[in-house]
Amino acid sequence: GFLAERRLKRGDGPVRVGFLCQYIPSWVKLQPIYDMMRADSRFEPFLICVPSGIQDGVLMDDSGKNDTLDYFFARGSPEAINALQPDGTWLDLKAMNLSYVFYPRPYNAYMPPCYQSQNVYRHSRICLILYGMAVTQEIIEVTLNREFYRYVYCYFAELPYPRIQNKR
């Protein structure tokens, strides 16, 4: 959105980038970028852990536990941030002043409303690295759904579409 562009033009300090982590199988696609940004002083990346138990934008488990945060802590990532605040609210991404936010998958239903693409694009540019495109050709309309993608600034796919035909 407008605010993200204005921040980028100002050039104030390192580029602040949020990585919404929730779907662990997709982390293998995001981790190399996160690690490179951590090693580069031009970037300030944040590992923001969203609990996995969200359906239709609603957190199904009210215990206050964050399985995604536990996963990253157990693997030696003390810098991981809990998106679920102690009072049950969500970390304010707008207040973090992020220029870019990377998503783990292209579905709003698995995020709380404040992290859904139609809300985040107002203050940050949304990025997505697709996982498993080679096996999703049959469900391309689900994977590339307009509800999410209309607000995406940039997405990266591992293969050009259409997929190369299998040789038998």
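For this chain, numbers begin at 1 and follow the sequence in order. Just so it is clear, the structure is predicted and the values come from calculations on it, not from any experiment.
Rounded to the nearest 0.5 angstrom, Ser124 OG and Arg16 CZ are separated by 10.0 Å. In this structure, CG in Leu30 is found 10.5 Å from CG in Asp35, a value given to the nearest 0.5 Å. Here Trp90 contributes atom CH2 and Leu84 contributes atom CG; the two are 4.5 Å apart, rounded to the nearest 0.5 Å. Atom-to-atom distance recorded for Glu147:CD and Gln118:CD is 6.5 Å, nearest 0.5 angstrom.
The side-chain contact (heavy atoms from CB on, under 4.5 Å) with Tyr34 is formed by just one residue from the set Met36, Arg38, Met37; it is Arg38. The side-chain contact (heavy atoms from CB on, under 4.5 Å) test with Phe46 singles out one residue from Leu98, Leu91, Leu93, Leu20, and that residue is Leu98.
In the hydrophobic clustering of this structure, Ile81 does not group with Leu69; members are Ile, Leu, Val, Met, Phe, Trp, Tyr whose side-chain heavy atoms approach within less than 4.5 Å, directly or through other members. In terms of hydrophobic clustering, with Ile, Leu, Val, Met, Phe, Trp and Tyr side chains grouped at heavy-atom distances under 4.5 Å, Tyr149 and Tyr121 are assigned to a common cluster.
In this structure, Trp27 and Leu47 have side chains that are in contact, with non-hydrogen atoms separated by less than 4.5 Å. A heavy-atom distance below 4.5 Å is not found between the side chains of Arg105 and Ser26. Residues Ser117 and Asn108 meet the side-chain proximity criterion, which asks for heavy atoms closer than 4.5 Å. Looking at heavy atoms from C-beta onward, Tyr103 lies out of side-chain contact with Val152 at the 4.5 angstrom threshold.
Ring centroids of Tyr23 and Tyr110 are separated by 6.0 Å or more, keeping the two rings apart.
Summarising the local packing, CZ of Phe72 is surrounded by more than 12 heavy atoms from other residues, nucleotides or ligands at distances under 6.0 Å.
A donor-acceptor contact shorter than 3.5 Å links the side chain of Asn66 to the backbone of Cys49. Looking at Gln116, its side chain does come within 3.5 Å of a backbone N or O of Met111 through a donor-acceptor pair. A distance-only check finds a donor-acceptor pair linking the side chain of Asn119 to the backbone of Pro113 [under 3.5 Å].
Gly76 and Pro78 get closest at one heavy-atom pair: O-CD, 3.2 Å. Taking every heavy atom of both residues into account, Asn82 and Gln85 meet most closely at O-NE2, 2.9 Å.
Aromatic ring orientation, Phe102 versus Phe19: parallel (interplanar angle below 30°, classes split at 30° and 60°).
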Report, one line per pair, each donor and acceptor closer than 3.5 Å where one atom sits in a side chain of residues 50-60; sequence neighbours left out.
residue, atom, partner, partner atom, Å
Ser52, OG, Asp67, OD1, 3.4
Ser52, OG, Asp67, OD2, 2.4

Might you work through the side-chain contact (heavy atoms from CB on, under 4.5 Å) test for Tyr151 and Val120, ending with a clear yes or no? CA-CA 8 Å; Tyr151 304 104; Val120 172; over 6 Å; no
